[in-house]
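Inspection log for the structure reproduced underneath, given as structure tokens.
Protein chains get the first letters and strands the later ones, always in sequence-line order, with residue 1 at the start of each.
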There are 2 protein chains.
Amino acid sequence: MRLVYYLLMEESLEDFLERAQRDFLAHISLDCVVFGFHAGQLKILLLKMKHEDKRALPGGFVRKDETLEEAASRTLRERTGLENIFLQQFSVFSDPLRSDPDARPQSLVLAGVSPEKTGFFAQRFISVGFYALVEFSQVVPRPDVLSDTCDWYNLEERGPLILDHDQILAAALAALQAQLNYQPLGYNLLPRKFTLPELQKLYEAILGKKLDRRNFQRKIFSYGILRSLDEKRTGVAHKAPYLYSFDLRKYQKALKLGLQGGW
Amino acid sequence: MRLVYYLLMEESLEDFLERAQRDFLAHISLDCVVFGFHAGQLKILLLKMKHEDKRALPGGFVRKDETLEEAASRTLRERTGLENIFLQQFSVFSDPLRSDPDARPQSLVLAGVSPEKTGFFAQRFISVGFYALVEFSQVVPRPDVLSDTCDWYNLEERGPLILDHDQILAAALAALQAQLNYQPLGYNLLPRKFTLPELQKLYEAILGKKLDRRNFQRKIFSYGILRSLDEKRTGVAHKAPYLYSFDLRKYQKALKLGLQGGW
DNA sequence: CCAAAAGTGTTGTTTTTACACCCATGA
DNA sequence: TCATGGGTGTAAAAACAACACTTTTGG
């Protein structure tokens, strides 16, 4: 209401500028929902905070000379050891009450930081949510300075998360589902060589429902995005499935229009 | 690189906290792409800046006690006179070079502000993009304090926009297209009573292509989201078309699963 | 009365769904 | 050898795309 007044009354433009620094101050953070796929299950990478029972999404802050994407990439390089991680913004979380201004400072104090230095974390943060897709087996999880552990969790076994991270995770999952036909999810979550049943299980995990095997194969083939490898997965029980890899050029081209049809 | 060092070397946690306030400072703004629909055309609301030739998207800042959505809503209340505007975040724009730190302060100086007070606008802003849908005829455009005029423009006749606003607009259009089957675009862009040809023209404007009249009608009816009004649009040339309105309850329900099928 | 927009069905084609048997492998 | 998962095709149903004539109205 005050601002409306400033903007409508021309005389207050200078006042507005003076107050802006105080009235409009919010810090920006980012939180990443890192998805991996292993043994037919979607996994997410979570940190176990020091002196806290709850787990947290890997997150970070943006430096002056970085884009958000660069900051997220840097953060995830630290958490996973990987370069060039596939990243996608999906939402911004800006509830003024989303973070408890005492929680993080308290756990910092428990971690041995003097209380007067914890001010940074006591401020309001507006957080940009990213989801990231990584090849599970390539990741070497590394906790950050506020965490004890960094590990993969199944979605159902993740336990409670700090702050609004449950909400962020739910939004990431919804974004993942919505973008299945518009982003190369398979390319980024699976190893270079994979079998059709593996790809199908990935689709099933993302969509949360079973798909018909024959219809799935027909449809995937119809996109022309798979390169058949004349090679089979060996060492597994039962009939050896064929291996495939993505034809990235065709995959990208097909995604531009969106893979047609529903699942 | 410096940050990597801080986070990997435990001893620097306190240093990290001290520097964070300086290293991680970015201001948050928001920019709104306000869509309206009139005479078969998509329109956007743009401000003509004082002392600048280019036009700008309506934008604003977030107060301490607001969510981004509340801030956008407040901003658009000022620009349009409307309450409860339909708003949707679609992307965050964080290129460190996206804004010229001199441009806005210079035009403020031209507007009579003393140079030392323009510091707020010289800082780095990370901007959250929203698209808004309004009923064209309800809007009473009002310029803000930095602008001469606030008016509707056709997409093709908008002229050049400041900063990265062309990019923001392009992203908003892409989001609009992508969400056609998931958001009540028709409900928010059309008046309460409308004709099928009007609804079809809206779809055509958003998609940028012509649709077959009979197939369109069959498909729209099949969703069961329209209420037929036993009333015709009078006073227009040619055969009078029937009026319809949305059955909001059914529309919302249908959108949860997404309106099926492609356009 | 005529120009222009609106209403209305059918048909061929494509896409989707549902469904069952044989094969290869490791245990 | 057998239990388990992988490979493969067909038919019926649904969705989609293409297409033309008649009606109504204002000018």
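Checked against salt bridge (charged side-chain N to carboxylate O under 4.0 Å, His left out), A:Lys210 has the following partners two or more places apart in sequence or in another chain: A:Glu204. Every residue meeting the side-chain contact (heavy atoms from CB on, under 4.5 Å) condition with A:Lys232, not counting sequence neighbours, appears here in chain and number order: A:Ala240, A:Tyr242. With sequence neighbours left out, the salt bridge (charged side-chain N to carboxylate O under 4.0 Å, His left out) criterion links A:Glu70 to no other residue. Partners of A:Gln138 under the side-chain contact (heavy atoms from CB on, under 4.5 Å) rule, at least two apart in sequence or in another chain, are A:Leu82, A:Glu135. Listed by chain and residue number, B:Leu207, B:Leu211 satisfy the side-chain contact (heavy atoms from CB on, under 4.5 Å) test with B:Lys209 (two or more places apart in sequence, or in another chain). Partners of A:Gln41 by side-chain contact (heavy atoms from CB on, under 4.5 Å), not counting sequence neighbours, listed by chain and number: A:Lys43, A:Asn154, A:Glu156. Take A:Asp164 and apply the salt bridge (charged side-chain N to carboxylate O under 4.0 Å, His left out) test, not counting sequence neighbours, and it matches A:Arg98.
Remark: nothing in residues 222-236 of chain B comes within less than 4.0 Å of DNA chain C through any heavy atom.
A:Ser94 places a side-chain N or O within donor-acceptor distance of the main-chain N or O of B:Leu68, the cut-off being under 3.5 Å.
Among pairs with a residue in residues 169-206 of chain A, those fulfilling ring pair (Phe, Tyr, Trp, His ring centres under 6.0 Å) read A:Phe194-A:Phe246, A:Tyr203-A:Phe216, A:Tyr203-A:Trp263, at least two apart in sequence or across chains. Note on residues 166-177 of chain B: pairs passing side chain to side chain donor-acceptor pair (under 3.5 Å), not counting sequence neighbours, are B:Arg158-B:Asp166.
Straight-line distance from the NZ atom of A:Lys219 to the C1' atom of C:dT16: 8 Å, rounded to whole Å. Atom-to-atom, CG of A:Leu259 to P of C:dT15 comes out at 14 Å; the value is rounded to the nearest Å.
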Quiz prompt | Sugar-phosphate or base contact per nucleotide [nucleotides 1-9 of chain C; S, B, -; heavy atom under 4.0 Å] | solution = ---BBBBBB
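Nucleotides of DNA chain D with any atom under 4.0 Å from a heavy atom of chain B span, from 5' to 3', D:dC16 to D:dG26.
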